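Order of the sequence lines fixes the chain letters, A, B, ..., with proteins taken first and strands second; residue numbering starts at 1 for each chain. Worth saying up front: this structure is predicted, and the values here are computed from it rather than measured.
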Amino acid sequence: MPEENVDVLIVGSGHSGGMVAKVLTEKGISCLMLNAGPIVNFQKDRELKPAYELPYRGFNMPGRLPHVFQANEFNANTWVDEKEVPYTFNRDEPYNWVRVRLFGGRSLFWARQSFRLSDYEFKAKDHDGVGDNWPISLADLAPYYSRVEEIFRVSGHPDGLPQYPDGNFVVDDSPWSGSMQRLIAAGKKLDVPVCKARSAMGRGGLASSINLLLPDAFATGELTAVPNVVVREIAVDKNTGLANGANFVDRHSRREMSVKARVVVLAAGCLESTRLLLNSKLANSSGVLGHYLIDNIYGPGLVCSVPEARDGKATPELMGGAALIPRFRNIDSRAKNFLGGYALNVWSSDRAMDARNFAAYGAELQKKLDSYYGSGFYISMMGQVLSHYEHQVSIDKNVVDAWDIPVLHVDTKYTDNEFNMSRDAVDTGIAMAEAAGFEVLAKNYDPNPPGYSIHELGTCRMGDDPRTSVLNKWNQSHDIKNLFVVDGSSFVGSGWQNPTMTILALSMRAAEHMAEQMRQRNIG
Amino acid sequence: PWLRVWMVDHPPTEPFAAFINVAHEDIRTATMNSQAWSIAATSAGERAPGIGLYWSPIDPDIQMYV
């Protein structure tokens with residue numbers, strides 16, 4: 001078993017691992033990054049193809065990726081296969097764990113919605129009376145958000161809403177289309193704000209760690225990255241109790257290896273980092289490791305049509321564009337049957353509508369599709385999930401992955417709060433659409449299974465009290481001072497927001513603290 | 001009678017309706033993904049549907065896939 005020695009070991013190459021690598025190497029600290037999957041070659045690994053050339057003619061292979069609703073035959077090879085890395089869950093409580101192990105992780109494919117959390121989320125207990133406050137506030141994280149937004153080139157418009165904090169934007173002053181103006185007017189009647197969406201533009205069509213973060217780290221000469229190695233466990237010095245490296249296995253050859261490190265950083269994604277700690281039996285004096293699993297509610301929404309755009313009358317002035325309706329419930333008043341809040345994504349399209357929106361066959365269906373072409377208006381929900389101790393992951397000792405590493409058992413479900421919130425979101429969307437004069441064609445109140453949003457969070461939560469949290473406010477283990485967890489597992493609450501900007505800001509902040517602690521020789 | 005309006009990932013819950021609606025959707029997709037449809041659409045000056053960015057297996061694990 002060959003052994004290497006490094007300053008900082010980083011497990012994972014996505015947004016959080018990439019950010020830590022960038023910050024540390026730019027301060028002259030050498031890092032080794034281990035990633036469980038291969039490096040992508042965008043020229044060699046993908047090409048434009050018609051569905052009829054594929055084995056299943058554009059349908060997914062039956063039985064493959066049953067819990068990745070985002071999968072299709074074109075992208076099936078980018079997701080982690082459940083047969084290679086299984087996980088288990090209770091029969092009636094499915095969980096959609098959507099994973100990517102390519103170098104760069106899920107940062108290669110994220111939808112790029114870029115939001116800050118507000119103090120309605122950071123201080124949720126103070127505001128809502130349930131859950132827990134984070135040990136930090138927006139003011140603590142705001143400077144880091146600004147720097148992240150600059151790197152990722154976030155487009156947006158300042159709106160001055162406390163629940164939708166403004167940022168360091170590439171300002172979006174584009175005009176609203178006519179259909180969007182009608183929704184804005186409808187929102188004013190119902191006291192619902194309609195704002196510009198916020199999105200990371202990135203560079204060259206990509207807003208990933210592999211193009212925005214890791215090139216800077218490699219340029220320093222301080223970063224070494226190893227693909228195709230699966231970390232089995234974090235190693236600990238029996239005398240000091242400190243982390244001192246990791247044991248890992250080559251994905252192809254099954255050769256076992258290990259590395260020694262002064263500091264260990266887990267950035268493997270919320271559930272993989274948690275699985276690694278559980279399998280290593282570390283960092284859990286609080287007993288909350290693996291608990292409080294949360295994500296975002298996706299799935300509820302509605303499909304509408306703008307009547308004036310039907311029958312070939314759609315114009316660029318009337319149709320097109322996107323908007324974001326930030327949280328508006330439980331701000332100044334109380335919703336009747338749920339806590340927390342949700343946002344609505346809105347977009348207007350001048351393209352064909354889906355046949356599912358019309359209960360008709362053959363010629364009658366085609367007539368409707370022709371008539372409604374270019375008139376689609378869509379509203380979908382992104383909702384907050386409340387934290388519960390009993391919503392958890394644990395190690396399933398009876399099942400192992402392709403490298404004989406015990407897998408996770410996921411035990412979670414949505415509760416009445418999430419279902420009631422979903423109903424309110426759809427009903428509010430319908431009310432706004434009808435007030436705008438749109439025809440509602442289809443609606444769905446049912447959330448997709450937990451996990452679908454690919455925003456799993458919370459299983460290594462941060463806090464000031466080591467008895468009730470895994471990490472301190474610097475993403476540092478309470479138990480093991482030279483162990484950091486920088487992915488979404490540190491979240492105390494989900495909010496409605498896509499978590500990526502917050503993960504990036506937290507990992508930047510954690511890395512700077514880590515570097516300073518290393519400089520002062522408090523760790524490592 | 002079993003045809004319904006529904007949103008993606010949420011087909012009707014009644015068994016007959018689920019079958020009819022999913023089958024209807026799959027038949028339409030298979031038809032529009034066919035080479036014949038592609039040729040006809042291109043001949044008519046329309047953009048052929050069903051073209052996408054296909055990802056090849058990326059360095060697949062030898063013990064699982066060989």
Task: Non-hydrogen atoms of A:Arg251 and B:Ile58 that approach each other most closely - done: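 Nearest heavy atoms, A:Arg251 then B:Ile58: NH2-O, 4.2 Å.
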
Open item on the list: Ignoring hydrogens, what is the shortest heavy-atom contact between B:Val5 and A:Ala442? Give both atom names and the distance.
Closed with: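 Shortest heavy-atom contact: CG1-CB, 3.3 Å.
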
Tell me, side chain or backbone of [X] under 4.5 Å from chain B's heavy atoms, or both, or neither?
{"X": "A:Phe59", "answer": "side chain"}
{"X": "A:Arg356", "answer": "both"}
{"X": "A:Trp403", "answer": "side chain"}
{"X": "A:Leu102", "answer": "side chain"}
{"X": "A:Leu441", "answer": "backbone"}
{"X": "A:Ala352", "answer": "neither"}

What donor-acceptor contacts under 3.5 angstrom involve side-chain atoms of residues 42-49 of chain A, with partners at least two apart or in another chain?
| unit_1 | atom_1 | unit_2 | atom_2 | d |
| --- | --- | --- | --- | --- |
| A:Asp45 | OD2 | A:Asn41 | N | 2.7 |
| A:Arg46 | NE | A:Phe42 | O | 3.4 |

- [ ] Select all residues of residues 24-34 of chain B having any heavy atom within less than 4.5 Å of some heavy atom of chain A, and report them by number, or 'none'.
- [x]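 Heavy-atom contacts from residues 24-34 of chain B to chain A are B:His24, B:Glu25, B:Asp26, B:Arg28, B:Thr29, B:Ala30, B:Asn33, B:Ser34.
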
Supply the atom-to-atom distance [X] [atom1] to [Y] [atom2], rounded to the nearest 0.5 angstrom.
{"X": "A:Asn75", "Y": "B:Leu53", "atom1": "CG", "atom2": "CG", "value": "9.5 Å"}
{"X": "A:Phe74", "Y": "B:Ile51", "atom1": "CZ", "atom2": "CD1", "value": "8.0 Å"}
{"X": "A:Asn72", "Y": "B:Tyr54", "atom1": "CG", "atom2": "OH", "value": "11.0 Å"}

Open item on the list: Quick check on the structure: residues of residues 296-305 of chain A within a heavy-atom distance below 4.5 Å of chain B, by number.
Closed with: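 If one takes a 4.5 Å heavy-atom cut-off, the residues of residues 296-305 of chain A near chain B are A:Gly299, A:Gly301, A:Leu302, A:Val303.
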
Open item on the list: A side-chain contact here means heavy atoms from C-beta on lying under 4.5 Å apart; do B:His10 and A:Asn448 qualify?
Closed with: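 SC-SC contact between B:His10 and A:Asn448 confirmed.
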
- [ ] Check whether any side-chain heavy atom of A:Asp354 sits under 4.5 Å from a side-chain heavy atom of B:Val8, and report yes or no.
- [x]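 No, too far: nothing below the 4.5 Å cut-off.
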
Got a list of side-chain donor-acceptor pairs under 3.5 Å for residues 38-48 of chain B, not counting sequence neighbours?
| unit_1 | atom_1 | unit_2 | atom_2 | d |
| --- | --- | --- | --- | --- |
| B:Thr42 | OG1 | B:Ser38 | O | 2.7 |
| B:Ser43 | OG | B:Ile39 | O | 2.8 |

TODO: Count the heavy-atom pairs under 4.5 Å between each of A:Pro227, A:Ala355, A:Ala359 and chain B, then report the option with the highest count.
DONE: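 If we count pairs closer than 4.5 Å to chain B, A:Ala359 comes out on top.
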
Task: Over 12 foreign heavy atoms within 6.0 Å of CZ, B:Phe19 - done: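 No - once you tally the heavy atoms of other residues, nucleotides and ligands closer than 6.0 Å, there are 12 at most.
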
